[in-house]
Novice: 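Next up is a structure, given as C-alpha cells.
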Protein chains: 2
Amino acid sequence: MIQYTDLSQPIYKRLKEMIRSGELKQGEKIIQEKIAEELGVSRTPLMKALLALENEYLVESIPRRGMYIRTFDYDDIINIYVCREALEGMAARLLAVKKDKSFIKELESCFTPFLNVKTIDVNAYTKADETFHSSLIKFTENKPLDNIYFFSDIHDKVVRQGLVRPPKETLEEHFNIINAIKQGDADQAENLTRYHIKKSKELLINQQKKSKQ
Amino acid sequence: MIQYTDLSQPIYKRLKEMIRSGELKQGEKIIQEKIAEELGVSRTPLMKALLALENEYLVESIPRRGMYIRTFDYDDIINIYVCREALEGMAARLLAVKKDKSFIKELESCFTPFLNVKTIDVNAYTKADETFHSSLIKFTENKPLDNIYFFSDIHDKVVRQGLVRPPKETLEEHFNIINAIKQGDADQAENLTRYHIKKSKELLINQQKKSKQ
DNA sequence: TTATTGTATTTTGTATACAAAATTCACAAC
DNA sequence: GTTGTGAATTTTGTATACAAAATACAATAA
C-alpha cells in the first residue's frame, strides 16, 4: 500500500521535528540502518531526507564516517542572528516600498489579540511571533530570500527552544515595525527590524553566559 | 578501482559546472538513468548530487515526475540581487567593526594589479571581482552567512554568465569599500557595498530589457 | 480529422545486496 | 598500565532489482 508519492518528505519532516524537539541530540551520530528501521523505511529515502537536512546545515556529513546532528555553539547563535538581522531588515525595507500594502492587515492580526490583555499567554505569543517573522519574509514574494531565511530560521528554533523576550517589551516593537512599513519609511522599517532582532540576539547571549556559570 | 570516498561529490561538481556552462540547459529534464550512464555511475550517488543541487535551488524536483534544471527569470535575477545586497552589506559592516584588520591586505591585493594599467583584461578582472566578493564573506568568519551567501552566489553566476560592469566604473567602488572597512566606518562600508551591488543589479535589468526587445 | 481508451515503454521511488572502509574489541607485547 | 596488532563486526557507499507511476503511442470510435 502506497501512502506517499515521496517517502523522503514525511521522513524529512519527522527528522526535523526530532532535531527541533531534542529527541535527536546535538552531536549524535545518525546510524542510518537504525533510524531507517525505527521509521520503518529503507536507507534510500532516509538518505534523501538526511541530504536535505545536511544542506540546511542541521546535519553534518563526514564521508565514510557518518552523519551527525550538528551542534550549535555560542558563536553559531550569534552568527545566525547576524544573518537574520540582514535578511529580515531587508524584508522590512522591501515591504515598506511596496505599493500594495494589503498585507498589513495580516501582520497586524498577529498581535492585535494581545492588545489590552492583562496577562499574555507566552505560548500563544511565541507562536504569533513566529508567524509574524515568517510572514514578513513571505510577503516580500522574494523566493530566494524566503529560501535562505528559512535556512537560518530552523537553526534559531533549534537553539532557542521557545525562549522569547517578554511580550511587554516586544509587542510595541512589533507595532512600530508595522507602522514604519505602513508609512513607507524604508530606512525606519529596516532599522527597527534590525534593532528588534539585535535585542533578541542579546537575550540569547546573556542566557548562554548564565548557563556557562 | 575506487578513486573517491564519496562519488557524489565529483558528480555534484560536474553537474554544477554543466549547469553553469549551459551544457545542461535551463528547464531541461534530467533523466537520471541517462545522466548516470553518461557519467559512468549508478543512480544512487547521482541522486545525492541532485539532491544537493535541489537544495541550492539549481534543480527543481517534482515528485514522481522528475527533476528539472531550474529556469531563472527576470524577477529571480532581481530577487537574488536583493539577497546579495543584504548579505554582502552586512558582511562589509562586520568587517568594518573587526579589531584585527589583517585581511585588508588580501582584499586590496585583488585589485592592485589593475591600478595604473591602461587597458584592463576583463577576464582577469571578472575573476578578481569574484574573489573579492567571496573574500568579503569569508573574512567575516560567519559560517552560516558564508553558507547562504554561496547559495545566492551560484545563481548569480548562472544568470550573469560573466557579464560585469566596466572596470573603470567599479575599480574605484571596490577601493572605497575597502577604505571604509579599513577606517572602521561600518555604516559607510555597508552603504557603499549595497550601492555597488545595486548598480550591478541595474546592469542586469537593463541587459534583460534589451534582450527582450 | 479529433478524442479516447488501452497497452507498451520509460522513468521514478524504494528496497536490498554487496564490497570497501571504519570501528570495536580482544589479546599480545612492551 | 599503555600501546599496538589484527580479526570480527558494524556501517557506509554504490549498484542493482523491482514495483508503481507517468508517459508515449497505437488502435478504435465518434
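Every chain is numbered from 1, with letters handed out A, B, ... down the list of sequences. What you are looking at is a predicted structure, and each value in this text was computed from that prediction instead of being measured.
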Novice: Just compare D:dG13, C:dT11, C:dA15 and give me whichever is closest to any side-chain atom of A:Gln32.
Specialist: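 So the side chain of A:Gln32 is nearest to D:dG13.
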Novice: Quick one: on DNA chain D, does B:Tyr68 or A:Met47 contact a more 5' nucleotide (nearest heavy atom)?
Specialist: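 Its nearest nucleotide being more 5', the pick is A:Met47.
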Novice: Rounded to the nearest angstrom, tell me the gap between atom CD1 in A:Ile11 and atom P in C:dG13.
Specialist: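 Interatomic distance, CD1 of A:Ile11 to P of C:dG13: 13 Å.
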Novice: Under the salt bridge (charged side-chain N to carboxylate O under 4.0 Å, His left out) rule, what do A:Glu56 and A:Lys16 come out as? Steps first, then yes or no, please.
Specialist: CA-CA 10 Å; A:Glu56 271 177 45; A:Lys16 202 158 176 176; 2.9 Å; yes
Novice: Between P on D:dA22 and CG on A:Asp6, what's the gap in Å once rounded to a whole number?
Specialist: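 These atoms are roughly 12 Å apart.
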Novice: Please state how far atom CD1 in B:Ile31 lies from atom P in C:dT9, giving the value in whole angstrom units.
Specialist: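 B:Ile31 atom CD1 is separated from C:dT9 atom P by 17 Å.
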Novice: In this structure, how many angstroms lie between the P atom of C:dA15 and the CG atom of A:Leu39, rounded?
Specialist: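 Going from A:Leu39 (CG) to C:dA15 (P), I get 11 Å.
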Novice: Grab the CG-C1' distance between A:Leu50 and D:dT12 for me, whole Å please.
Specialist: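 A:Leu50 atom CG is separated from D:dT12 atom C1' by 12 Å.
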Novice: Are B:Tyr12 and B:Leu50 side-chain neighbours, meaning at least one heavy-atom pair lies under 4.5 Å?
Specialist: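 A side-chain contact under 4.5 Å is absent here.
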Novice: Any sub-3.5 Å donor-acceptor pair from A:Glu28's side-chain atoms to A:Lys25's backbone N or O?
Specialist: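 Yes, because the side chain of A:Glu28 sits within donor-acceptor range (under 3.5 Å) of the backbone of A:Lys25.
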Novice: Could you work out which one of C:dT23, D:dT14, C:dA15 sits closest to the side chain of A:Leu7?
Specialist: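 Of the candidates, C:dA15 comes closest.
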Novice: What is the ring orientation for A:His174 with A:Phe111, classed by angle as parallel under 30°, tilted 30 to 60°, or perpendicular over 60°?
Specialist: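 Taking A:Phe111 first and then A:His174, their aromatic rings lie parallel (interplane angle under 30°).
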Novice: Tell me: CD1 of A:Ile62 to P of D:dT12, nearest whole Å?
Specialist: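 Those two atoms, CD1 and P, are 12 Å apart.
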Novice: Are any of the side-chain heavy atoms of A:Leu53 and A:Leu15 separated by less than 4.5 Å?
Specialist: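 Side-chain contact under 4.5 Å: yes.
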Novice: Rounding to 10°, can you tell me the angle the first-five-pair axis of the helix from C:dT1-D:dA30 to C:dC30-D:dG1 makes with its last-five-pair axis?
Specialist: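 About 20°, once rounded to a multiple of 10°.
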Novice: Any side-chain donor paired with an acceptor under 3.5 Å for B:Tyr81 and B:Glu202?
Specialist: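 Judged by distance alone, the side chains do not pair up.
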Novice: Could you state the NZ-P distance from A:Lys48 to C:dT12, rounded to the nearest angstrom?
Specialist: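 A:Lys48 atom NZ is separated from C:dT12 atom P by 10 Å.
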Novice: Write down the protein N/O and nucleotide N/O pairs, taken from nucleotides 16-19 of chain D, whose separation is under 3.5 Å; answer none if there are no such pairs.
Specialist:
none

Novice: What residue among A:Lys138, A:Glu88, A:Arg84 forms side-chain hydrogen bond (donor to acceptor under 3.5 Å, both in side chains) with A:His133?
Specialist: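 When side-chain hydrogen bond (donor to acceptor under 3.5 Å, both in side chains) is applied between A:His133 and each of A:Lys138, A:Glu88, A:Arg84, only A:Glu88 qualifies.
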Novice: Is B:Ile104 close to B:Leu95 at the side-chain level, that is, under 4.5 Å between some pair of heavy atoms?
Specialist: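 A side-chain contact under 4.5 Å is absent here.
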Novice: Between D:dG13, D:dA15, D:dT12, which one does the side chain of A:Glu33 approach most closely?
Specialist: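 Nucleotide nearest to A:Glu33's side chain: D:dT12.
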Novice: Would you indicate what B:Ile30 reaches in the nucleic acid, counting non-hydrogen atoms under 4.0 angstrom: base, sugar-phosphate, or nothing?
Specialist: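 Sugar-phosphate contact only.
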Novice: So, B:Lys48 side chain and B:Gln9 main chain: donor-acceptor pair closer than 3.5 Å or not?
Specialist: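 Not confirmed, B:Lys48 side chain does not pair with B:Gln9 backbone.
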Novice: Roughly, in whole Å, what's the span from NZ in A:Lys29 to C1' in D:dT11?
Specialist: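 Nearest whole value for this atom pair: 6 Å.
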